[in-house]
A.B. asks: 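First the structure, which I've put down as C-alpha cells, then a few questions once you've had a look.
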Protein chains: 2
Amino acid sequence: MITSTVENYLKALFLLDQHGEKEVSTGELAKSLSVTPGSATSMIKTLAEAGLIEHRPHYGVKLTERGRTLAVHVVRRHRIVELFLVEILGMDWSKVHDEAEQLEHVVSDEVIERMDVLLKHPTFDPHGDPIPRADGTLPSQSHYTLSKSKVGQQLSVSRMNDQDADFLQFAEKHGLMIGEKITIVEHNKLADSLTIKTRDNTVILGLSAAANIEVCDA
Amino acid sequence: MITSTVENYLKALFLLDQHGEKEVSTGELAKSLSVTPGSATSMIKTLAEAGLIEHRPHYGVKLTERGRTLAVHVVRRHRIVELFLVEILGMDWSKVHDEAEQLEHVVSDEVIERMDVLLKHPTFDPHGDPIPRADGTLPSQSHYTLSKSKVGQQLSVSRMNDQDADFLQFAEKHGLMIGEKITIVEHNKLADSLTIKTRDNTVILGLSAAANIEVCDA
DNA sequence: TTTATACTTTTGACTAATCAAAAGTATAGG
DNA sequence: CCTATACTTTTGATTAGTCAAAAGTATAAA
C-alpha cells in the first residue's frame with residue numbers, strides 16, 4: 001500500500017538525489033524527514049521489499065525505476081497544487097508549501113490534470129521549481145546560486161532553495177521575487193556580503209543567504 | 001489529536017442525527033462507517049474520553065457541543081470542496097463526493113474561506129445539501145421526498161439522499177438534476193411506481209428510488 | 001418468570017509508523 | 001594492525017486504528 005508516509009520517503013529520496021546518481025545515506029534521509037535514523041532504517045526495509053528502492057546496507061539507498069516514477073508524480077502533484085493555490089486562490093506564495101505538503105497525498109489524478117489545464121500547463125511552480133510533466137519528464141533551465149554570481153551581472157531571480165516562510169517573506173519584502181531583475185553591485189569578501197540592486201531597493205545579503213537564491217541570466 | 005478518523009466518526013454522528021435529538025446506536029454508527037461494531041465501541045470510548053460525545057453504554061451516543069462544532073466544520077469543508085470541484089474545476093457532480101471525502105481532512109481554513117469567497121458564499125452544494133456557515137449555523141429549506149409527493153404536483157428537485165455515483169448518473173441521464181422542474185404524472189400503488197415528467201423525458205421510478213430524491217415546491 | 005434474540009462491549013491479535021537505546025559496522029588515524 | 005568515531009541497524013516499546021470472536025446486557029415473547 002502506498003501510504004502518505006511512503007510517498008514522503010520516496011519524495012525525499014528524489015529531492016535529495018534528483019539525478020539518480022548517488023546513493024542517499026540513512027542519516028541524510030532521516031534528517032530530511034525529521035525522523036530518527038532507526039525509523040528511516042525500518043522504512044527503508046519496507047520500501048526495499050516493495051521494490052521501490054535498492055538498499056546496500058551501511059552504504060545507502062537509491063530509487064528504483066518504479067520508486068522514481070512514484071516520487072516524480074508526488075512532486076508533480078505538490079508543485080501543481082502550490083501554483084494553483086497561488087494563481088487561482090490568490091494565496092501568498094510563502095505559505096503554500098505546507099498546504100501542498102498535505103494535499104499532494106490526497107488529490108486525484110483527475111483533479112491534478114484539471115488544475116494543469118486551468119493553469120495552462122505550467123512548467124515552474126511559485127518557488128521556481130520545475131513541474132514534472134504527466135509522463136514523468138522534467139523541464140530544465142540553467143540556474144546558479146546568487147553567491148556564485150559576479151559583480152555587474154544582470155540577473156533574474158529563478159528559484160529559492162529555502163522554503164522557510166520567514167525567509168521567503170524577507171526575500172519578497174526586498175524585491176527578490178521569482179522573475180525579478182537584479183544587478184550585483186558589490187561583493188565584499190571581508191564582510192562576506194553581496195550588495196544587490198533590485199527594482200526599487202538595494203539589499204545587502206550574507207553569502208549564506210545568497211546561496212539560497214538561484215538566478216539565471218537576465 | 002483530531003485525526004481524520006476522529007473527524008469521520010464525528011461527521012457520521014452528525015449526519016445520522018442532524019438535529020442532535022436522538023441518540024445514535026453503536027450499530028448504526030458502525031454501519032455508516034463500514035467498520036465492525038467492536039471498532040465503533042472502542043472509538044466511542046476514545047471520543048467520550050476526549051469530551052466529543054456522550055455515551056450511555058448499551059443505549060447510544062450523542063455529540064457534545066464541542067463535538068458537534070467540529071463535525072459541522074468537517075461538513076462545511078466537505079461541501080465547499082465539492083462545490084468548488086464542480087464549479088471551478090468543472091468536475092462531474094456524481095464524482096466529487098469521494099474526492100471531497102479525502103480533501104475535507106487536509107484543507108486549511110484559509111483555503112476553505114478563499115474557496116467560499118470565489119464561490120460567492122454558496123448555501124447549497126451540488127447535491128442540494130446545505131453548506132454550514134463558518135460560524136457553524138445551517139441554512140434551511142423545506143424539502144420532502146419524491147415518494148411522498150402527490151399526483152399533479154409541480155416540483156423542483158432539491159437534493160439527493162443517495163451519494164452512489166451510479167445512482168447519481170442514472171438520475172442525471174433522466175433529467176433529475178438539482179433545480180430541475182418536474183411534474184408527478186401518476187402514482188401506481190400496485191406497481192409501487194411513480195411516473196414523472198421531466199423537462200424532456202418521462203421516467204418511471206420505484207418508490208424506493210423515489211425516496212432517495214428530495215424535492216420542494218416549484 | 002424465563003428464555004431467545006439482537007445488540008453492545010470486551011478481549012486479544014494485528015499493522016503501520018514511530019522513538020530510545022543497545023548493538024553492530026566501516027573507516028580514518030595512529 | 002588496532003582503535004576511536006561516526007554512522008547504521010536491531011531491539012523492544014508505544015500509539016492509533018482495525019478485526020474476529022467471546023462475553024455480557026436489554027428486552028420482547030412465551
Side-chain angles (χ1 to χ4, degrees), chain A residues 1-17 22-63 66-67 70-71 74 98 101-102 104-106, chain B residues 1-17 22-63 66-67 70-71 74 98 101-102 104-106:
Chain A
M1 236 260 99
I2 310 286
T3 62
S4 331
T5 308
V6 167
E7 288 190 342
N8 281 333
Y9 273 85
L10 295 177
K11 186 183 59 167
L13 285 170
F14 173 75
L15 295 176
L16 287 168
D17 176 33
K22 62 169 191 169
E23 278 177 330
V24 175
S25 74
T26 303
E28 260 181 293
L29 178 58
K31 184 167 289 178
S32 94
L33 288 162
S34 304
V35 297
T36 60
S39 300
T41 300
S42 83
M43 180 54 81
I44 282 170
K45 216 180 110 201
T46 307
L47 297 177
E49 274 161 12
L52 298 168
I53 61 175
E54 245 144 52
H55 185 205
R56 280 205 310 139
H58 288 103
Y59 291 91
V61 297
K62 220 171 164 176
L63 289 167
R66 201 161 92 70
L70 284 171
V74 177
D98 294 346
E101 206 67 19
Q102 302 300 311
E104 66 186 10
H105 306 297
V106 300
Chain B
M1 237 260 99
I2 309 287
T3 61
S4 332
T5 310
V6 166
E7 288 189 344
N8 281 333
Y9 273 86
L10 295 177
K11 186 183 61 168
L13 285 170
F14 172 75
L15 295 176
L16 286 169
D17 175 33
K22 62 169 191 168
E23 277 176 332
V24 175
S25 73
T26 303
E28 261 181 292
L29 179 58
K31 184 167 291 177
S32 93
L33 288 161
S34 306
V35 295
T36 60
S39 300
T41 300
S42 82
M43 180 54 80
I44 283 169
K45 216 180 109 201
T46 307
L47 296 177
E49 274 161 12
L52 297 169
I53 60 174
E54 244 143 53
H55 185 206
R56 281 203 311 138
H58 288 104
Y59 291 92
V61 297
K62 219 172 164 175
L63 289 166
R66 199 160 95 68
L70 283 172
V74 178
D98 294 345
E101 205 69 20
Q102 301 301 311
E104 66 187 10
H105 306 297
V106 301

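Labels below follow one simple rule: chain letters A, B, ... track the order of the sequence lines, proteins then strands, and each chain is numbered from 1. Side chains included, hydrogens not; waters and symmetry mates left out as well; all remaining heavy atoms used. Remember, it's a predicted structure, so these values are computed and weren't measured experimentally.
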A.B. asks: Scan B/H55, B/E54, B/E28 and name whichever one has a side chain to side chain contact (heavy atoms under 4.5 Å, CB included) with B/V61.
C.D. replies: B/H55

A.B. asks: Above 12 or not: heavy atoms from other molecules or residues under 6.0 Å from NZ of B/K22?
C.D. replies: yes

A.B. asks: Start with the C-alpha distance between B/Y9 and B/V35, add both sets of side-chain angles, then the distance that settles side-chain contact (heavy atoms from CB on, under 4.5 Å), and finish with yes or no.
C.D. replies: CA-CA 11 Å; B/Y9 273 86; B/V35 295; 3.6 Å; yes

A.B. asks: Taking the axis from the first five pairs and the axis from the last five, what angle separates them in the helix from C/dT1-D/dA30 to C/dG30-D/dC1, rounded to 10 degrees?
C.D. replies: 20°

A.B. asks: Ignoring hydrogens, what is the shortest heavy-atom contact between A/P37 and A/T26? Give both atom names and the distance.
C.D. replies: O-CG2, 3.7 Å

A.B. asks: Is there side-chain contact between A/L16 and A/S32, with at least one heavy-atom pair below 4.5 Å?
C.D. replies: yes

A.B. asks: What's the shortest heavy-atom distance between B/A30 and B/A40, and which atoms?
C.D. replies: CB-CB, 3.9 Å

A.B. asks: Taking only N/O atoms, report every protein-nucleotides 12-15 of chain D pair under 3.5 Å with atom names and distance.
C.D. replies:
none

A.B. asks: Would you say that A/N8 contacts A/H105 through its side chain, given a criterion of any heavy-atom pair below 4.5 Å between the two side chains?
C.D. replies: yes

A.B. asks: Any chance you could measure B/E7, atom CD, to B/E104, atom CD, to the nearest 0.5 Å?
C.D. replies: 7.0 Å

A.B. asks: Reading DNA chain C from 5' to 3', where do the contacts with chain A start and stop? Cut-off is 4.0 Å to heavy atoms.
C.D. replies: C/dA17 to C/dT27

A.B. asks: Can you sort out the partners of A/Q102 under side chain to side chain contact (heavy atoms under 4.5 Å, CB included), two or more places apart, ordered by chain and number?
C.D. replies: B/V106

A.B. asks: Do you know the tightest heavy-atom contact between A/V74 and A/K11?
C.D. replies: CG1-CD, 3.9 Å

A.B. asks: Contacts to DNA chain D from residues 3-15 of chain A, heavy-atom cutoff under 4.0 Å, which residues?
C.D. replies: none

A.B. asks: To the nearest 0.5 angstrom, please state how far the CG atom of A/L47 sits from the CD1 atom of A/I2.
C.D. replies: 8.5 Å

A.B. asks: B/L33 has an atom CG; how far is it from atom C1' of D/dG17, in whole Å?
C.D. replies: 13 Å

A.B. asks: Could you state the interatomic distance from CG (B/D17) to CG (B/L63), rounded to the nearest 0.5 Å?
C.D. replies: 7.5 Å

A.B. asks: Name every residue in residues 36-45 of chain A that has at least one heavy atom under 4.0 Å from any atom of DNA chain D, in order of residue number, or write none if there are no such residues.
C.D. replies: A/P37, A/G38, A/T41

A.B. asks: Test B/L13 against every option in B/L33, B/I44, B/L52, B/I53 by the side chain to side chain contact (heavy atoms under 4.5 Å, CB included) rule and name the one that passes.
C.D. replies: B/I53

